[in-house]
Amino acid sequence: MSPAYDRDRLIELFGGDAATLAEIEHEFLDTARSAHREIRETDDLETIARAAHRVKGASGMIGAVALGGIADAVERVARARDLPGVRRLDEAFEREVTRVAVQA
């Protein structure tokens, strides 16, 4: 299985300082977990789409390709007004956030 995110990309963007990298990883996980909670706790599809969009962008920055893809799918399904579709993606979203946390 491929890595949950591309740590080399973080090093390329921000340098190799361990404290800086840890801070960026921590901030990313805070963003992803917060967005996931927000998505789970509301039925407002616009709020869900915005939360998923945040994760998609942040995932792109750190090279979390799988999580970015799931966030993109959540955003698209929410914009299509398909709440059951959003709920079907929840387990995959949570699994990828966990994979990033384990790798960090």
Pair E46 + R79, salt bridge at N-O below 4.0 Å:
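Salt bridge flag = yes for R79 with E46.
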Side chain to side chain, [X] and [Y], heavy atoms closer than 4.5 Å:
X   : Y   : answer
L10 : E25 : yes
R40 : E94 : yes
F28 : S59 : yes

Nearest heavy atoms of [X] and [Y], plus distance in Å:
X    : Y   : value
V86  : L45 : CG2-CD2, 4.2 Å
A78  : I48 : CB-CG2, 3.8 Å
A101 : R33 : CB-NH2, 3.2 Å
Q103 : A4  : OE1-N, 2.7 Å
A52  : V74 : CB-CG1, 3.7 Å
L21  : G15 : CD2-O, 3.5 Å

Scan side-chain atoms only and decide if D90 and H36 contain a donor-acceptor pair under the 3.5 Å cut-off.
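Per modelled atom types, D90 and H36 side chains form a pair under 3.5 Å.
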Could you check R88, R87, R95 and say which one makes a salt bridge (Lys or Arg N to Asp or Glu O under 4.0 Å) with E91?
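Exactly one pass, corresponding to R95.
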V65, I62: one ILVMFWY side-chain cluster at the under-4.5 Å cut-off?
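Each belongs to a different hydrophobic cluster.
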Find the distance between [atom1] ([X]) and [atom2] ([Y]) and round it off to the nearest 0.5 Å.
X   : Y   : atom1 : atom2 : value
D30 : E23 : CG    : CD    : 10.5 Å
D44 : E38 : CG    : CD    : 9.5 Å
R76 : D82 : CZ    : CG    : 11.5 Å
I39 : E75 : CD1   : CD    : 9.5 Å
F14 : I24 : CZ    : CD1   : 4.0 Å

Could you work out, with side-chain contact (heavy atoms from CB on, under 4.5 Å) as the rule, every residue matching [X], not counting sequence neighbours?
X   : value
L13 : R9, M61
A80 : none
A35 : A51, R54, V55

